[in-house]
Amino acid sequence: MTTSQRKRSTVATAANNDSDPEQETVWHLDNQRLSTRIFLASMIIVLSFLILFTSLSYTTQTVIVQQPSVDVYSQLETHPYAKTLVCPCTSILNEYKNFISFRPTFHQICSSIFLGQQWLDYLLKTSAIIYIRDFRAAGLAFFPLLGTLCNLSLETISTELLNFNATKYATKNLQPRDLFQSEAQQITTLFQQTTRNSFLLQLAIFQQTISSNALFNGWLTNYFYGLSNVTDSLNIVFYPSFYTPDDNDLNITCSCKYSPTTCGQSSGIYNLTKGRVR
Ligand SMILES: *[C@@H]1O[C@H](CO)[C@@H](O)[C@H](O)[C@H]1NC(C)=O
Ligand SMILES: *[C@@H]1O[C@H](CO)[C@@H](O)[C@H](O)[C@H]1NC(C)=O
Ligand SMILES: *[C@@H]1O[C@H](CO)[C@@H](O)[C@H](O)[C@H]1NC(C)=O
Ligand SMILES: *[C@@H]1O[C@H](CO)[C@@H](O)[C@H](O)[C@H]1NC(C)=O
Ligand SMILES: *[C@@H]1O[C@H](CO)[C@@H](O)[C@H](O)[C@H]1NC(C)=O
């Protein structure tokens, strides 16, 4: 029997009893007690449904860690929910120099005594009395050139470093460690290649300029000139030098005219009355 039916039947009974006030109060009390019970029962049912529902449904809980240190972040990375970990960077662009640095080392010849003035002074003293193809004579041109190349490599590296330092790494969120490591590895390799190529390019320009213009060097070791072999001619003729690149087979020769950048011969120390000593 529902409340309304009961109500209707009691209303009908009340009408029959000709509205006795005492009976009416009892009826009211009964009615109120019943509705309270029904209310409580339905309340409990609804509440238990609500509790059941909320305990079964998934909820997303966001935990914010303010400015975590590297250690804290590493711990968070091992958390079971690490996949949902997002760590926005305070600045999207970061200069490479903040996390990659280079310490270039140069060949020991570049800091050796052989590029110093003392060594040059010694060569200058001895060169006057010896053969032009002697190591000590050629050295007078060779060592300052080597010094220039050392300086060129130094300048190339510092220019490239300056560019590198100003280059920025762009990322919105913190990268996973292994991804970042391999990216840094690539950046480093790329920098080394770029620097090497930059130097080689300058060296190639330098070599090509000299050889394609057939520039004479000061010691006349690539070209030399002499009088024409035609009798009575006063013309000056330029001859390219020939060298024997292989010490074991003096029949093999090369010409500075045809292979200007590769033709050469190892230098020696000579005694003009005895020939090549070493
Ligand atoms: C190389 O650079 C240093 C320092 O700038 C300079 O003192 C030296 O003369 C340079 N050497 C050559 C061969 O240009
Ligand atoms: C590049 O940055 C590094 C690290 O901050 C610094 O040691 C180096 O001197 C910089 N190099 C140049 C060429 O600015
Ligand atoms: C002069 O030199 C050229 C080239 O080396 C050679 O071909 C020519 O036979 C020489 N002439 C004389 C007269 O020696
Ligand atoms: C160099 O050439 C000469 C003359 O053609 C020959 O007698 C000699 O055996 C050759 N030397 C070598 C190492 O081939
Ligand atoms: C060159 O060799 C000759 C003969 O062996 C020797 O007398 C002379 O002292 C040597 N010269 C030098 C500069 O060593």
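A quick note: this is a predicted structure, and the numbers were derived from the prediction, not measured. Counting starts at 1 for both ligands and their atoms, following the listed order.
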K.L.:
Please write down residue, atom name and distance for the protein heavy atom closest to atom 2 (O) of ligand 1.
P.N.:
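Scanning the protein heavy atoms, the shortest distance from atom 2 (O) of ligand 1 goes to N151 ND2, 2.3 Å.
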K.L.:
Look at the aromatic rings of F99 and Y96 and report parallel, tilted or perpendicular, splitting at 30° and 60°.
P.N.:
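Plane angle over 60°, so perpendicular.
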K.L.:
So which protein heavy atom does atom 1 (C) of ligand 4 come closest to, and at what separation?
P.N.:
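Nearest protein contact, heavy atoms only, for atom 1 (C) of ligand 4 is N251 ND2, 1.5 Å.
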K.L.:
I'd like to know if the side chain of N213 reaches the main chain of L215, judged simply by a donor and an acceptor atom lying under 3.5 Å from each other, with no hydrogens or angles considered.
P.N.:
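No, N213 side chain to L215 backbone: no donor-acceptor pair under 3.5 Å.
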K.L.:
Using a 3.5 Å cut-off on N or O atoms only, is N248 in polar contact with ligand 4?
P.N.:
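No; the residue has no nitrogen or oxygen that sits under 3.5 Å from a nitrogen or oxygen of the ligand.
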K.L.:
For ligand 1, which atoms, with element, lie under 4.0 Å from some heavy atom of T148?
P.N.:
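Near T148, the atoms of ligand 1 are 13 (C).
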K.L.:
What part of P144, side chain from CB on, backbone N/CA/C/O, both or neither, has a heavy atom under 4.0 Å from ligand 1?
P.N.:
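Just the backbone.
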K.L.:
Distance under 4.0 Å to a non-hydrogen atom of N165: what atoms of ligand 2 satisfy this?
P.N.:
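Ligand 2 atoms under the 4.0 Å threshold to N165: 1 (C), 2 (O), 3 (C), 8 (C), 10 (C), 11 (N), 12 (C), 14 (O).
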K.L.:
For atom 13 (C) of ligand 4, is some protein heavy-atom partner under 4.0 Å away?
P.N.:
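Given the 4.0 Å limit, the answer for atom 13 (C) of ligand 4 is yes, a protein heavy atom qualifies.
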K.L.:
Please identify which atoms of ligand 2 are closer than 4.0 Å to at least one heavy atom of K97.
P.N.:
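In order of number, 2 (O), 5 (O).
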K.L.:
Is there a protein heavy atom at a distance of less than 4.0 Å from atom 9 (O) of ligand 2?
P.N.:
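Within 4.0 Å: no protein heavy atom nearby.
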K.L.:
Parallel, tilted or perpendicular: which fits the ring planes of W119 and F135, with parallel below 30° and perpendicular above 60°?
P.N.:
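Rings of W119 and F135: tilted, as their planes differ by 30° to 60°.
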K.L.:
Would you confirm whether S101, through its side chain, and K97, through its main-chain N or O, come within 3.5 Å as a donor-acceptor pair?
P.N.:
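Side chain of S101 to backbone of K97: no pair is present.
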K.L.:
Can you sort out which atoms of ligand 2 are near L162, meaning under 4.0 Å from one of its heavy atoms?
P.N.:
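Every atom of ligand 2 under 4.0 Å from some heavy atom of L162: 12 (C), 13 (C), 14 (O).
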K.L.:
Should the SG of C263 and the SG of C256 be checked, would they turn out to be under 2.5 Å apart?
P.N.:
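Answer is no: C256 does not pair with C263 in a disulfide.
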